[in-house]
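Below you'll find the structure, written out as structure tokens, and then a few comments.
Remember, it's a predicted structure, so these values are computed and weren't measured experimentally. Below, all heavy atoms of this structure are taken into account, side chains as well, without hydrogens, waters or symmetry copies.
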Amino acid sequence: MTSNSPPRFQRRRNGMSLLEVTIGSVMAAMIAMVAAGVTMDMTRNMADNIARTRIAGEARLAIEAFRRDFGGNDPDSPTGDRNRWRLVDSMIPTADELRLCFDSDLDGSADWISPDRVILYFESDGQLIRSDLENGRTNVVAQLVDSVNFEVIGNELRITLAFQLGAITETYVFNTPNI
């Protein structure tokens, strides 16, 4: 007599074995761990890039302030007599302080007192500060400043600014002819 049912060893199973479930679970866990590692690396790199971009922006603000002041004439008075408010001297009383003297009385010399205009740069509480001693205005030029150093090397003035945001530290060095 012939039976329509397949032999016992040819029957299909209706589920998965414990071994198959275990192997599948291990593979899924490995894929999840690799994906988490890649995501962490991407997030860390993105955070570093954001910090570096922010530092570069602050450095650009600092160099623009120095560029305006070292441009030769008082940047707060862009019109009028080009001889008046002309940058005539610089002084570095300490390595972290820079003073610039703009001539008011057209004699071409730095008097370092009124009516000449004295601009002071220094670092305070992580900020680069520009202070006008003549009119009393003080501005924050850049933030994230870790340190500042002014020094004369030969006939150049070297400005070294170190910026820090989290674990990222960048140092920028600017050279300009000394007055």
Side-chain angles (χ1 to χ4, degrees), residues 21-79 85-102 117-179:
V21 170
T22 303
I23 291 173
S25 297
V26 168
M27 289 174 61
M30 288 173 52
I31 290 171
M33 286 176 40
V34 168
V38 168
T39 302
M40 293 279 291
D41 286 344
M42 287 176 52
T43 302
R44 189 176 307 115
N45 289 339
M46 188 182 322
D48 287 354
N49 287 338
I50 290 170
R52 289 180 197 284
T53 301
R54 177 120 185 261
I55 287 172
E58 294 297 326
R60 186 182 57 78
L61 292 172
I63 193 60
E64 285 300 314
F66 288 124
R67 185 190 62 77
R68 282 191 309 271
D69 281 341
F70 282 102
N73 291 78
D74 176 21
D76 295 335
S77 177
T79 60
W85 302 118
R86 189 169 48 106
L87 180 61
V88 290
D89 201 2
S90 66
M91 178 193 318
I92 303 174
T94 63
D96 58 355
E97 182 180 312
L98 172 67
R99 293 177 184 238
L100 303 174
C101 186
F102 292 87
R117 198 150 177 202
V118 178
I119 303 294
L120 175 65
Y121 280 96
F122 61 95
E123 183 272 332
S124 176
D125 295 325
Q127 299 175 327
L128 179 64
I129 306 294
R130 179 186 185 269
S131 183
D132 186 332
L133 300 182
E134 176 66 22
N135 63 22
R137 281 189 284 181
T138 299
N139 303 55
V140 174
V141 173
Q143 297 180 354
L144 308 176
V145 178
D146 188 44
S147 66
V148 61
N149 185 47
F150 302 102
E151 60 185 330
V152 175
I153 299 176
N155 60 355
E156 285 191 336
L157 173 63
R158 176 174 289 167
I159 303 167
T160 306
L161 292 168
F163 294 88
Q164 183 173 5
L165 181 58
I168 305 297
T169 301
E170 296 283 338
T171 300
Y172 294 84
V173 178
F174 310 105
N175 293 319
T176 186
N178 192 22
I179 304 159

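Taking CD1 of Ile92 as the start and CZ of Phe150 as the end, the distance is 7.5 Å to the nearest 0.5 Å. With rounding to the nearest 0.5 Å, the separation of CZ in Arg54 from CG in Leu165 is 6.0 Å. With rounding to the nearest 0.5 Å, the separation of CG in Leu98 from CG in Leu120 is 8.0 Å.
Looking at Asp132, its side chain does come within 3.5 Å of a backbone N or O of Glu134 through a donor-acceptor pair. Judged purely by atom type and a 3.5 angstrom limit, Tyr121 uses its side chain to pair as donor or acceptor with the backbone of Ala65. Using modelled atom types, one side-chain atom of Glu123 and one backbone atom of Gly126 make a donor-acceptor pair closer than 3.5 Å.
Classification of the Phe70-Phe66 ring pair by plane angle, with boundaries at 30° and 60°, yields tilted.
Using a cut-off of 4.0 Å between Lys/Arg side-chain N and Asp/Glu carboxylate O, Glu97 and Arg99 are scored as salt-bridged.
Taking all atoms of both residues into account, the shortest heavy-atom contact from Leu61 to Val141 is CB-O, 3.5 Å. Summarising the geometry of Phe163 relative to Ala142, their closest heavy-atom pair is CE2-CB, 4.2 Å, with the distance given to 0.1 Å. The shortest non-hydrogen separation linking Asp69 to Ile119 is OD2-CG2, 3.8 Å. Listed here is the closest heavy atom pair of Tyr172 and Ala56: OH-CA, 3.6 Å. Heavy-atom minimum distance, Ala62 versus Leu128: CB-CD2, 3.9 Å.
Thr171 places none of its side-chain heavy atoms less than 4.5 Å from the side chain of Leu161.
Under the 3.5 Å distance criterion, with hydrogens and angles disregarded, a donor-acceptor pair is assigned to the side chains of Ser90 and Asn178.
Residue Asp125 qualifies as open at atom CG: its count of foreign heavy atoms under 6.0 Å is 12 or below.
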